[in-house]
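All chains are named by letter (A, B, ...) in the order of the sequence lines, taking the proteins before the strands, and each is independently numbered beginning at 1. Keep in mind that what you see is a predicted model, and the values were worked out from it rather than measured.
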Number of protein chains: 2
Amino acid sequence: MNRPTDTSVSAPRACFIAAGLDVLGERWALLALREMSLGVHRFDQIARNTGASRDILTGRLRTLESRGVIERVQYSERPARYEYHLTTSGAEVAPILISLAAWSSMWMRDETPRASYQHSCGADLKPVLLCAECGEEFTPGSLIFGPLVSTAGTDPASDQ
Amino acid sequence: MNRPTDTSVSAPRACFIAAGLDVLGERWALLALREMSLGVHRFDQIARNTGASRDILTGRLRTLESRGVIERVQYSERPARYEYHLTTSGAEVAPILISLAAWSSMWMRDETPRASYQHSCGADLKPVLLCAECGEEFTPGSLIFGPLVSTAGTDPASDQ
DNA sequence: ACAAGTCAGTTGGAAAATCCAACTGACTCG
DNA sequence: CGAGTCAGTTGGATTTTCCAACTGACTTGT
């Protein structure tokens with residue numbers, strides 16, 4: 001064993017789940033996006049509501065901005081002040097937050113009181129995930145591998 | 001102002017998104033669950049496919065087990081060896097992984113080739129999230145706050 | 001006018017989490 | 001018997017995070 005350049009010692013899967021977690025999986029990132037989804041856009045409030053320390057939060061917001069998930073919007077010159085807003089990409093993180101909230105409210109019940117979420121229709125969170133193509137529900141196990149994809153410059157929109 | 005016990009200096013939101021991230025938001029946790037969703041159940045393979053270091057992975061699997069998301073199943077005595085399997089709770093993480101994969105394949109496209117995913121019908125991942133109650137689609141912004149919930153002992157199932 | 005407050009950060013140092021490669025122990029296989 | 005498999009464990013380096021205090025440019029209250 002211990003061959004110098006052994007390619008059979010396979011590298012970690014490069015997949016879109018891993019790529020998504022590169023951006024959204026860092027600590028505080030999803031909570032910051034939650035805040036913006038709920039209409040909170042200012043640094044102090046985001047820091048307070050998430051519990052992230054200010055220095056870390058600064059870094060996260062910069063990363064999310066550089067990855068096109070949020071944008072920094074100046075709302076005051078003269079003390080230069082900025083708000084953080086979701087881009088289209090950031091707004092589309094919502095299904096992840098919703099799935100997470102639904103899973104958590106199903107399986108993470110304990111004694112501590114927590115804010116729950118609802119659909120805007122007023123009903124408790126009970127989302128159903130359907131395949132847009134065949135209309136069937138995504139059941140556990142219905143996720144399978146597709147082909148390798150590498151489409152640089154084929155972004156769906158360059159609006160941000 | 002600056003009243004001694006000022007409740008307006010609010011604590012971080014205690015919500016189900018935050019609670020879910022407590023369990024699923026730690027590094028490598030979702031990637032380990034991805035592996036099990038794809039049928040990989042053994043320690044070495046999970047370590048290889050995720051890229052997690054073995055000591056950290058050990059810790060993650062223990063946490064996930066203690067939170068009821070996975071279970072450790074002995075498949076050999078005499079060298080005591082265990083496999084990791086999703087519980088019902090763990091299997092239901094699938095919508096989160098699917099939403100993440102779909103978001104990522106939409107917005108994280110770059111030059112590096114990545115494995116994509118499909119629905120078992122063979123179509124590319126294009127999930128639609130519907131409210132089970134009203135049937136309407138969850139659009140960005142349709143997530144709103146519900147009441148505070150604290151339902152200890154009201155678990156939907158005690159099968160694991 | 002002057003003190004206090006707001007706001008979006010930055011700073012420095014401590015604490016915690018992660019990384020890494022090597023090692024262990026109980027086997028199986030050729 | 002030696003090599004390989006497998007599920008970890010160990011020790012030490014590295015990275016990330018935490019925390020509280022501080023800054024600078026204002027605004028607001030008295």
Side-chain angles (χ1 to χ4, degrees), chain A residues 1-12 18 21-32 35-36 39-66 70-85, chain B residues 1-4 6 8-12 18 21-32 35-36 39-66 70-85:
Chain A
M1 60 164 60
N2 192 7
R3 282 149 294 174
T5 51
D6 193 352
T7 46
S8 75
V9 178
S10 51
L21 287 173
D22 264 7
V23 180
L24 305 180
E26 288 183 305
R27 204 159 194 185
W28 308 115
L30 280 175
L31 290 185
E35 287 306 306
M36 295 174 221
V40 174
H41 302 287
R42 307 238 166 133
F43 185 89
D44 267 34
Q45 271 304 307
I46 297 172
R48 246 186 279 283
N49 293 349
T50 57
S53 22
R54 313 169 66 80
D55 52 348
I56 304 300
L57 183 60
T58 302
R60 280 303 166 276
L61 294 171
R62 294 292 178 280
T63 308
L64 289 172
E65 189 193 6
S66 77
I70 64 175
E71 53 182 350
R72 207 148 153 265
V73 181
Q74 188 160 27
Y75 71 92
S76 146
E77 319 182 17
R78 302 269 72 101
R81 296 249 178 290
Y82 303 89
E83 291 187 326
Y84 297 92
H85 285 265
Chain B
M1 55 178 58
N2 191 9
R3 285 145 290 175
D6 193 353
S8 76
V9 180
S10 50
L21 287 173
D22 263 8
V23 181
L24 305 180
E26 290 184 305
R27 204 161 193 184
W28 308 115
L30 279 175
L31 290 185
E35 287 306 306
M36 293 174 222
V40 174
H41 302 286
R42 307 235 166 136
F43 185 89
D44 268 35
Q45 272 304 306
I46 296 172
R48 245 186 280 284
N49 293 348
T50 58
S53 23
R54 313 169 66 79
D55 52 349
I56 303 301
L57 183 61
T58 302
R60 280 302 165 276
L61 294 172
R62 294 293 178 280
T63 308
L64 290 172
E65 190 194 5
S66 76
I70 63 175
E71 53 183 350
R72 206 148 153 265
V73 180
Q74 187 160 28
Y75 72 90
S76 145
E77 319 182 16
R78 308 268 72 99
R81 295 248 176 291
Y82 302 89
E83 290 186 326
Y84 296 92
H85 285 266

Nearest-Å distance, [atom1] ([X]) to [atom2] ([N])?
X: A:W28; N: C:dA16; atom1: CH2; atom2: P; value: 15 Å
X: A:I56; N: C:dA17; atom1: CD1; atom2: P; value: 14 Å
X: A:E83; N: C:dA8; atom1: CD; atom2: P; value: 8 Å
X: B:D55; N: C:dC23; atom1: CG; atom2: C1'; value: 13 Å
X: A:E26; N: D:dT16; atom1: CD; atom2: P; value: 9 Å
X: A:H41; N: C:dG9; atom1: NE2; atom2: C1'; value: 19 Å
X: A:E65; N: C:dG9; atom1: CD; atom2: C1'; value: 14 Å
X: B:Y82; N: D:dC6; atom1: OH; atom2: C1'; value: 13 Å

Return no unless some side-chain N or O of [X] is found under 4.0 Å from OP1 or OP2 of [N].
X: B:Y84; N: D:dC6; answer: no
X: B:R27; N: C:dC19; answer: yes
X: B:R78; N: C:dC27; answer: yes
X: B:R72; N: D:dA7; answer: no

Considering only heavy side-chain atoms of A:P79, the closest of D:dA25, C:dA8, D:dG8 is D:dA25
Of the nucleotides C:dG9, D:dA7, C:dC20, which one has an atom closest to the side chain of B:Y75?
D:dA7
Worked check of side-chain contact (heavy atoms from CB on, under 4.5 Å) between B:Q45 and B:E35
CA-CA 9 Å; B:Q45 272 304 306; B:E35 287 306 306; over 6 Å; no
Let me know, please, whether B:R42 or A:G51 comes out on the 5' side of the other along DNA chain D by nearest nucleotide.
B:R42
Of A:A52 and B:D44, the one whose closest DNA chain D nucleotide lies more 5'
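Looking at DNA chain D, the more 5' nearest nucleotide goes with B:D44.
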Comparing B:R60 with B:E77, nearest DNA chain C nucleotide closer to 5' gives the residue B:R60
Non-hydrogen atoms of A:A29 and A:V23 that approach each other most closely
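The answer is CB-O, 4.0 Å.
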Mind checking if B:R54 touches a base, just sugar-phosphate, or nothing, with heavy atoms under 4.0 Å?
base
Once you measure the plane-to-plane angle for B:H41 and B:H85, does it fall in the parallel (<30°), tilted (30-60°) or perpendicular (>60°) bin?
parallel
Would B:R72 and B:R62 satisfy side-chain contact (heavy atoms from CB on, under 4.5 Å), going step by step from the backbone distance to the final call?
CA-CA 9 Å; B:R72 206 148 153 265; B:R62 294 293 178 280; 3.4 Å; yes
So, B:S76 side chain and B:P79 main chain: donor-acceptor pair closer than 3.5 Å or not?
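Between the backbone of B:P79 and the side chain of B:S76 there is a qualifying donor-acceptor contact (under 3.5 Å).
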